[in-house]
Engineer: 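Structure incoming, see below.
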There are 2 protein chains.
Amino acid sequence: MNLKQLSHMLSLSQTTVSRALNGYPEVAEETRRRVMDAAKRHGYRPNPSARRLATGKSGMIGYVLPTGKAVDIDPHFVEFLSGLGDYARSHELDLVLSPADADDQETTYRRIVANRQVDAVYISSPRPADRRLALVNTLGIPFIVHGRSEGFDFDYPYLDIDNEGAFHEAARLMLQLGHKRLGLINGDDRETFAIHRERGVRRALAASGLALGERHICSVTMTEENGYRSARRLLEQDEPPTAIVCSSLIMALGVVRAVRDLGLAIPGDLSLVAHDDVFPWLRPENFPVPLSTTRSSIRLAGARVAERLAARISGLEEGARGEVWPVDLVVRGSVAGAPA
Amino acid sequence: MNLKQLSHMLSLSQTTVSRALNGYPEVAEETRRRVMDAAKRHGYRPNPSARRLATGKSGMIGYVLPTGKAVDIDPHFVEFLSGLGDYARSHELDLVLSPADADDQETTYRRIVANRQVDAVYISSPRPADRRLALVNTLGIPFIVHGRSEGFDFDYPYLDIDNEGAFHEAARLMLQLGHKRLGLINGDDRETFAIHRERGVRRALAASGLALGERHICSVTMTEENGYRSARRLLEQDEPPTAIVCSSLIMALGVVRAVRDLGLAIPGDLSLVAHDDVFPWLRPENFPVPLSTTRSSIRLAGARVAERLAARISGLEEGARGEVWPVDLVVRGSVAGAPA
DNA sequence: CGAAAAAGCCAAAGCGCTTTGGAAGACTCT
DNA sequence: AGAGTCTTCCAAAGCGCTTTGGCTTTTTCG
């Protein structure tokens, strides 16, 4: 059932039927009703390919997926996706993932924009002066960044959590408990979120006249194994930290294992806080010692990004609005006063 | 730069240029070269929307993503996606995720097929007599199932691992080590993979004249917490199992925690084997006691599914070929002889 | 050498929608 | 009543590609 058939059986022109369906004003109310009614009754749905060709709009949002033999997709992605999908579903938005060589995403961005394959894109895990950001900005496709970049002379729309504030609070808590030597097990410090977190910790320390030495920072991809290695590196030096702030629950697993291997105890010998993106399958309260966390649901962020993308596509949102969500600090059993 | 312009500057008809580019035979070799050359030089790329409208082919593969407030996307998905994307990239295939109400995916399948939004789809986590499978089968869109269903009177193309064989081997190993009481911590037993795994364990036990009682089976969604609860349930009964086979590494984390909470030891009091889908961020060799696993890379499966989908789209693969991958049994420190 | 077959190219008709530029009729206003 | 203004609808022109059917020109072969 296509427009031609439908308009023919209504004895109307395609023009009128099309306008009636798309809510244009120049069609009589009664006619519109007739059309809408017939469309529903016959289950007419405009062919998206045709509509796309005519309008250039696709009704889809895009994401360029970096891939490669050595590239692992972040497990956070799936949670973000849950939220995104949840919103997108209720608005009949589809998401197209365009896999790209991790080292050459530009080609892919250019392609999907030139081809008008999607109406908007989102960018995640941005770095300072991220080239993708500059690119989509000049390409002129609506977009939203999940996270933040730095060092641009233009503003851009983003959704981020207050990473600096969160880690500032976490570190401050440790300091208040009397800890003097803090360790930071961070994610890849080429990404802005990690930079912000480190900044937060440094700021808290500075306020107490302390500093964060190079040997008290680890910056690694967030795997259990790296959590373990980092913890050992931190804890096996002279004057090891008595408190650690860690960028992910998965790494925290490794930290806990290392602590145990070293014959230490949490929170007796080491206080631990980790960032929790709220995975359904791994919960901080279920750690051997319930884990204190800075918590922010990445899933909600996904939903919000979808919502804002939809708003941008339909012109409801404009400009470079940045949105920063506060982060909860949830204190559980894994923190205590500094050992004597 | 579109076809019209390109053909005009070559003084050829659109027909010829189109044919030259798409490898049709009725064009002279020299002409084809000229065309290809000019196309490359001017960076001509056919507009996919137009091509779609004309051919009905979209160059994308689809996946219907079940969503909902209470629906969690499986973390395995992201690994599968890595593989899929890796292959898709090299073939300029995009993946479109169509979010659907988890309780009504049929509408979405019908939509993407009717709209010809994608050339093929894949289905994951199938259940016995899975309705999605029957649906896409009748809708006539090329598809591949990742996993298997059961109870249909038609065959279908799939890629699955030998879940039954894997868990049969795992259980047999336990039996050979003298264990008499086995526990199974399985995934959701409405899904075929879980059924197959249970079947494998039962078969191994039966061969030794043993059976798997209801109280020795847990069937739960695969979270750390459920792993913990299941392990406690199994281990706190009279005559608890001395060996457990577990369906995922994530649950195994919970099992390990439970064992520790109960003051037991692995492998002294309990032998443990879990299935490993090969996540980059959680590795069995890094468990407190290196974990024995049945191992199969879900990422490779993703790549293979993409490959086969591409083959189906281009007509290279036909029929209902099923492909079952063997599973490695990797023995590490977490298994030992049954306690006296 | 002439007829038949093959090779090489093209004009034009779709694919199914949106949108432009009117046109006809109804209504308002002087 | 006639001019001007809305209102409501329509024919037709795209959007950029593929594909059908046909038309020349060249090659093949008895």
Side-chain angles (χ1 to χ4, degrees), chain A residues 1-36 38-39 42-60 92 111-119 313-315, chain B residues 1-36 38-39 42-60 92 111-119 313-315:
Chain A
M1 166 71 40
N2 57 21
L3 227 209
K4 193 185 219 166
Q5 294 166 22
L6 183 65
S7 58
H8 189 259
M9 76 178 19
L10 281 166
S11 300
L12 284 171
S13 74
Q14 296 192 33
T15 309
T16 304
V17 176
S18 172
R19 296 201 138 134
L21 259 20
N22 294 326
Y24 282 71
E26 56 264 273
V27 38
E29 264 321 308
E30 199 234 311
T31 309
R32 186 191 305 280
R33 231 186 310 278
R34 255 181 69 218
V35 170
M36 298 279 248
H42 295 81
Y44 168 75
R45 320 246 331 156
N47 177 317
S49 305
R51 169 174 279 184
R52 254 175 82 162
L53 182 58
T55 64
K57 298 266 158 197
S58 69
M60 309 205 271
E92 290 220 9
R111 170 171 66 86
I112 65 179
V113 169
N115 290 346
R116 315 191 138 230
Q117 296 205 70
V118 295
D119 297 339
I313 290 173
S314 57
Chain B
M1 165 72 42
N2 56 23
L3 228 208
K4 195 185 217 165
Q5 294 165 22
L6 183 65
S7 57
H8 190 257
M9 75 178 19
L10 279 166
S11 301
L12 283 172
S13 73
Q14 296 192 34
T15 310
T16 304
V17 175
S18 172
R19 295 202 139 133
L21 258 21
N22 294 324
Y24 282 71
E26 54 266 272
V27 38
E29 265 320 308
E30 199 234 313
T31 308
R32 184 191 307 279
R33 233 186 306 277
R34 255 180 69 218
V35 171
M36 299 280 249
H42 295 82
Y44 166 76
R45 321 252 324 161
N47 177 318
S49 306
R51 169 176 278 183
R52 253 173 83 160
L53 183 58
T55 63
K57 299 265 156 194
S58 68
M60 309 205 271
E92 291 222 7
R111 171 172 65 86
I112 64 179
V113 170
N115 290 346
R116 313 191 138 230
Q117 296 206 65
V118 295
D119 297 339
I313 290 172
S314 56

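What's counted below: heavy atoms across the whole structure, side chains too, no hydrogens, waters or symmetry copies. Each chain gets a letter, A, B and so on, in the order the sequences are listed, and its residues count up from 1.
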Engineer: Report, one pair per line, the protein and nucleotides 20-26 of chain D atoms (nitrogen or oxygen only) whose separation is under 3.5 Å.
Structural biologist:
none

Engineer: Please lay out, stage by stage, how A:M9 and A:H42 fare under the test side chain to side chain contact (heavy atoms under 4.5 Å, CB included).
Structural biologist: CA-CA 11 Å; A:M9 76 178 19; A:H42 295 81; 3.5 Å; yes
Engineer: CZ of A:R111 to CD of B:E92: how many Å apart, nearest 0.5 Å?
Structural biologist: 5.0 Å
Engineer: So does A:H8 have more than 12 non-hydrogen atoms from other groups sitting under 6.0 Å from NE2?
Structural biologist: no
Engineer: I'd like to check the salt bridge (charged side-chain N to carboxylate O under 4.0 Å, His left out) partners of A:E29; sequence neighbours left out, ordered by chain and number.
Structural biologist: A:R32
Engineer: Search all heavy atoms of B:Y44 against all heavy atoms of B:L21 and return the closest pair with its distance.
Structural biologist: CE2-CD2, 3.7 Å
Engineer: Taking the side chain as everything from C-beta on, heavy atoms only, tell me whether B:N47 gets closer than 4.5 Å to B:N2.
Structural biologist: no
Engineer: Work out how much the helix from C:dC1-D:dG30 to C:dT30-D:dA1 bends between its end axes, five pairs an end, to the nearest 10 degrees.
Structural biologist: 40°
Engineer: Nucleotide range of DNA chain C contacted by chain B, 5' to 3', under 4.0 Å to a heavy atom?
Structural biologist: C:dG8 to C:dG16
Engineer: Is there a residue in residues 20-34 of chain A whose heavy atoms reach under 4.0 Å of DNA chain C, and which residues are they?
Structural biologist: A:N22, A:Y24
Engineer: State, to 0.1 Å, how close A:N115 and B:S49 come at their nearest heavy-atom pair, and which atoms those are.
Structural biologist: O-OG, 4.2 Å
Engineer: Determine the minimum heavy-atom distance between A:S7 and A:Q14, stating which atoms define it.
Structural biologist: OG-CG, 3.5 Å
Engineer: Within the structure provided, determine whether A:T16 and A:V35 are in side-chain contact (heavy-atom separation under 4.5 Å).
Structural biologist: no
Engineer: Check salt bridge (charged side-chain N to carboxylate O under 4.0 Å, His left out) between B:R116 and all other residues, then give those that pass, not counting sequence neighbours.
Structural biologist: none
Engineer: Measure the shortest side-chain to side-chain distance between A:E30 and A:R34 over non-hydrogen atoms and say whether it is less than 4.5 angstrom.
Structural biologist: yes
Engineer: Measure from the side-chain N and O atoms of B:S58 to the backbone N and O of B:Q117, and report whether any donor-acceptor pair falls under 3.5 Å.
Structural biologist: yes
Engineer: Considering every strand and a 4.0 Å limit on heavy-atom distances, what is the contact class for B:S11: base, sugar-phosphate, or nothing?
Structural biologist: sugar-phosphate
